[in-house]
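Please read the structure below before turning to the comments.
What you see is a predicted model; the values in this text were computed from it and never measured. So you know, we letter chains A, B, ... as the sequences are listed, proteins then strands, and number each from 1. Heavy-atom basis, side chains included; hydrogens, waters and symmetry copies ignored.
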Amino acid sequence: MTQESGVNWFILKTEPMTFSVDDLREVGTTPWDGVRNFEASKILRQHMAVGDQVFIYHSGRRSQDSPAVVGMGQVVSEAYADPSQWQQEAPGFDPRSTLQRPRWWCRDIAYVRHLGRPIPLAELCRMPELAATRLCQRGNRLSVVPIAASAAARILALGAF
DNA sequence: GCCAACGTTGGC
DNA sequence: GCCAACGTTGGC
């Protein structure tokens with residue numbers, strides 16, 4: 001990363017029916033596992049670092065709420081092999097993963113706080129700083145989205161009470 | 001529920 | 001290495 005500030009920012013997508021920001025608050029810290037997209041996994045493994053900040057995003061799938069950024073978290077572990085890739089019962093089971101050569105990675109994410117209000121995708125993407133992010137590109141499926149500090153600042157401004 | 005867009009797989 | 005088929009994502 002070329003930024004001098006040191007702290008990088010990301011948006012982590014999750015389906016609230018499966019795991020919501022409220023769930024994250026309840027458990028405090030969770031392995032952010034189940035990422036099964038090579039690019040997202042690579043970002044998580046190679047571009048994240050302990051101390052980086054993340055926004056929690058609820059995707060709209062199977063939910064009546066509009067998709068929105070709802071809270072903040074923090075990266076609190078180095079990357080490690082996602083155990084669910086070896087669990088036959090898990091949805092993310094991958095028979096091609098070996099112990100010597102894992103295919104998928106995760107990191108522990110700690111709850112920081114809810115935003116003052118959910119910021120809907122439509123509102124986010126009206127902001128020039130965010131319209132340029134992959135979150136706002138049509139058809140985008142990346143579940144770990146790097147964002148610039150300026151974009152993060154915009155979300156924080158919108159999310160203040 | 002619909003369906004466009006996407007990433008991955010697998011046949012060739 | 002190509003690319004069609006497939007399964008999944010995700011906004012609406």
Q) Where does the angle between the aromatic ring planes of A/Trp32 and A/Phe19 fall among parallel (under 30°), tilted (30 to 60°) and perpendicular (over 60°)? A)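 Perpendicular.
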Q | DNA chain B: 5'-proximal contact among A/Arg96 and A/Gly139 (nearest heavy atom) | A |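 Here A/Gly139 is the residue nearer the 5' end.
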Whole angstrom is fine here: how far is it from [atom1] in [X] over to [atom2] in [N]?
X: A/Glu123; N: C/dC12; atom1: CD; atom2: P; value: 14 Å
X: A/Phe38; N: C/dT8; atom1: CZ; atom2: P; value: 15 Å
X: A/Asn140; N: B/dA4; atom1: CG; atom2: C1'; value: 14 Å
X: A/Leu142; N: B/dT8; atom1: CG; atom2: P; value: 10 Å
X: A/Glu39; N: B/dT8; atom1: CD; atom2: C1'; value: 14 Å
X: A/Gln137; N: B/dA4; atom1: CD; atom2: C1'; value: 16 Å
X: A/Met17; N: C/dT9; atom1: CE; atom2: C1'; value: 16 Å
X: A/Arg36; N: C/dT8; atom1: CZ; atom2: P; value: 13 Å

Q: Would you please confirm or rule out a distance under 4.0 Å between OP1 or OP2 of C/dT9 and any side-chain N or O of A/Tyr57?
A: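 No, no such contact exists.
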Q: Please determine if a side-chain N or O atom of A/Lys13 lies less than 4.0 Å away from the OP1 or OP2 oxygen of C/dT9.
A: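 For C/dT9, neither OP1 nor OP2 has a side-chain N or O of A/Lys13 closer than 4.0 Å.
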Q: Measure across A/Gly51 and A/Val7 and return the closest heavy-atom pair with its distance rounded to 0.1 Å.
A: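 The answer is O-CG1, 4.0 Å.
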**Q.** Smallest separation among heavy atoms of A/Ser41 and A/Trp105, with atom names
**A.**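 Scanning both residues, the minimum pair turns out to be OG-N, 3.5 Å.
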Q: Output the single nucleotide from B/dG7, C/dG10, B/dT9 whose closest atom is nearest the side chain of A/Arg103.
A: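 Shortest atom-to-atom distance from the side chain points to B/dT9.
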Q.
Can you tell me which residue among A/Arg36, A/Arg101, A/Arg103 is in a salt bridge (Lys or Arg N to Asp or Glu O under 4.0 Å) with A/Asp94?
A.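 Looking at A/Arg36, A/Arg101, A/Arg103, the match for A/Asp94 under the salt bridge (Lys or Arg N to Asp or Glu O under 4.0 Å) is A/Arg103.
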